[in-house]
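Below, all heavy atoms of this structure are taken into account, side chains as well, without hydrogens, waters or symmetry copies. We count ligands from 1, going down the list as the structure has it; atoms in each ligand are counted the same way.
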Amino acid sequence: MYTQLPSTKLLRNLSLRAVNSLLLSTLTLSSAMAEVKYTDQQKLHQIAEQVSADNIEKDIRKLVGFGTRHTLSETQSSTRGIGAARRWIKSEFDAISKACGGCLEVYFQSDVISGQKRIPEPTEVVSVIAVLKGKTDSNRYVIMSGDIDSRVSDVMNATSDSPGANDNASGVAGVLEAARVLSQYQFNGSIVFAALAGEEQGLFGGKIMAAQAQKDGWRIKAVLNNDMIGNIEGVNGVINNTTARIFAEGTRQTETKKQAIKRRFTGGEVDSPTRNLARYIDWMADRYIPNLDTMMIYRLDRFGRGGHHRPFNDLGYPAVRIMETNENYNRQHQDIRTENGIQYGDTIDGINFDYAAKLTALNAVSLAGMAWAPNPPVNVEISGAVQPSTKLAWAKATGKEVNDIAGYKVYWRLTDASQWQYSRFVGNVTEYTLENIVIDNYFFGVASVSKEGFESPVVFPGDAGSFGE
Ligand SMILES: [Zn+2]
């Protein structure tokens with residue numbers, strides 16, 4: 001018998017203090033239950049406050065000003081087309097880097113694509129990437145991305161005006177602003193800011209980047225793909241600037257048959273690293289972004305639609321799509337026109353800059369939190385069948401950041417709860433037994449905690465939940 005806990009949806013709408021007291025008041029269920037405690041981070045509050053809606057507006061206006069950013073548009077002009085747009089993005093990253101003493105490594109990343117349905121002739125697909133190298137674990141990466149290119153009704157139309165203000169100048173402007181803010185700090189892991197190309201023609205920029213990262217052995221722990229973060233008025237008339245969506249796929253695409261069989265018996269369907277990345281971002285919203293609640297969506301993307309997080313998911317990396325809650329389809333992929341009194345086209349007047357700043361701030365605190373935290377626990381294992389206790393074990397941390405680790409936190413939740421409900425800080429150990437907690441009744445995970453109190457995402461045991469090495 002135990003007291004029914006309020007739903008996590010309700011919990012997420014309460015202040016953390018209210019949540020804690022609520023949990024305490026219902027913690028009659030077992031003395032072994034431990035409330036979720038967390039060290040508030042002033043630096044993350046500062047980061048959230050530094051994100052500027054004015055900067056985002058300026059950058060979206062600039063990107064819209066290139067007329068079209070279609071992947072097949074012209075590349076020689078300095079004022080119109082995809083070439084001018086990407087050169088400007090690079091110059092912005094260069095300026096941001098100059099302001100932090102050269103802290104960013106800025107480069108074009110490209111490949112020639114041809115023979116594709118939406119890119120029939122050889123075309124250079126060129127992304128712009130800026131890397132803020134970490135101090136102690138520079139080969140560990142968290143990535144924020146947006147897409148440079150735009151389109152109108154005909155996906156092959158490379159000449160008509162195609163402002164792409166929301167889809168996706170908003171995402172690129174967010175990436176630039178996050179780079180401005182985060183480049184003022186130094187992190188343990190590396191943070192990558194990516195303006196990816198060729199999205200509308202078939203996710204080419206993401207494919208190129210994910211393949212190169214894999215080849216270079218990047219340990220990618222998170223991709224936060226921002227695709228449309230500026231619209232608050234849905235096509236159905238709903239106006240809402242207080243929620244956002246995080247799309248997160250379930251079981252890992254690269255899961256083997258053998259791993260799937262194991263998962264069937266030990267769980268993990270809703271605990272891929274991508275899902276636990278989504279839970280991490282959801283918590284960051286509750287803690288650091290006033291008046292923003294995120295909706296975690298347990299699917300890869302919108303129904304039948306795509307985005308640049310997918311090529312990373314395809315290779316097994318944790319990656320989510322962050323976007324507005326209410327889409328306006330009259331403003332996506334449309335020729336600019338008025339028909340039957342309805343205005344079509346992705347123009348600048350559809351953007352709410354404060355909202356885009358809010359979602360950018362959510363990205364920035366999530367990236368910073370992960371990049372300051374130690375590496376997520378590795379080789380997490382769980383046992384405890386036919387006994388009234390649950391044992392978790394994980395590998396000893398290695399590398400330069402060992403000195404920065406305060407210890408580990410074990411998390412658990414009811415199997416139908418969307419967010420972690422209970423936690424216990426267990427010190428700097430490599431195994432811990434939760435007495436009087438029956439393994440069958442909860443899902444479990446482990447996070448690593450730095451001496452300052454920064455936490456990694458929670459890692460679910462086994463291959464199903466692994467964030468890799
Ligand atoms: Zn689009």
Side-chain angles (χ1 to χ4, degrees), residues 59-60 63-64 66-73 81-82 85-86 89 113 116-119 123 125-128 144-175 194-209 223-235 244-247 297 299-313 319-337 343-352 355-356 359:
D59 291 347
I60 296 177
L63 287 162
V64 166
F66 292 110
T68 175
R69 302 185 308 280
H70 193 277
T71 301
L72 310 178
S73 64
I82 188 69
R86 66 196 179 215
I89 292 166
I113 306 292
Q116 303 289 323
K117 200 167 150 230
R118 293 182 173 186
I119 307 185
T123 304
V125 173
V126 186
S127 300
V128 193
M144 176 179 181
S145 62
D147 313 298
I148 313 173
D149 58 312
S150 63
R151 61 166 286 190
V152 289
S153 303
D154 172 5
V155 71
M156 301 305 287
N157 179 345
T159 53
S160 291
D161 275 346
S162 177
N166 193 41
D167 184 10
N168 188 15
S170 67
V172 172
V175 168
L196 298 174
E199 196 263 352
E200 306 290 3
Q201 310 309 109
L203 309 179
F204 290 103
K207 284 178 193 166
I208 294 165
M209 186 181 179
V223 178
L224 279 54
N225 181 47
N226 290 259
D227 196 346
M228 296 191 274
I229 60 168
N231 178 70
I232 62 164
E233 186 170 353
V235 76
R245 294 184 289 178
I246 309 172
F247 285 89
I297 301 187
R299 59 197 313 166
L300 170 62
D301 207 324
R302 289 87 36 79
F303 191 88
R305 305 184 69 193
H308 257 151
H309 53 307
R310 195 208 305 164
F312 292 91
N313 286 150
V320 296
R321 178 192 186 114
I322 296 176
M323 74 177 303
E324 65 212 23
T325 308
N326 299 286
E327 293 181 60
N328 191 326
Y329 311 109
N330 295 341
R331 293 184 164 278
Q332 297 174 11
H333 305 177
Q334 297 281 357
D335 292 334
I336 300 171
R337 67 193 190 280
Q343 209 192 310
Y344 292 89
D346 191 357
T347 49
I348 190 93
D349 54 311
I351 305 294
N352 184 296
Y355 179 73
L359 268 55

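As for H333, its N/O/S atom nearest the Zn ion (ligand 1) is the one called NE2. Note on D167: its N/O/S atom closest to the Zn ion (ligand 1) is OD2.
Taking backbone and side-chain atoms together, E200 has an N/O/S atom less than 2.8 Å away from the Zn ion (ligand 1). The distance from the Zn ion (ligand 1) to the nearest N/O/S atom of D227 is not under 2.8 Å.
A donor-acceptor contact closer than 3.5 angstrom is absent between the side chains of H308 and D227.
A salt bridge does not link E200 with R69: every distance from a Lys NZ or Arg NE/NH1/NH2 to an Asp or Glu carboxylate oxygen is 4.0 Å or more. Ion pair D349/R331 flagged as a salt bridge, since at least one NZ, NE, NH1 or NH2 atom sits closer than 4.0 Å to an Asp/Glu carboxylate oxygen.
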Q) Stepwise, does the side chain to side chain contact (heavy atoms under 4.5 Å, CB included) test hold for M228 with E327? A) CA-CA 9 Å; M228 296 191 274; E327 293 181 60; 3.9 Å; yes
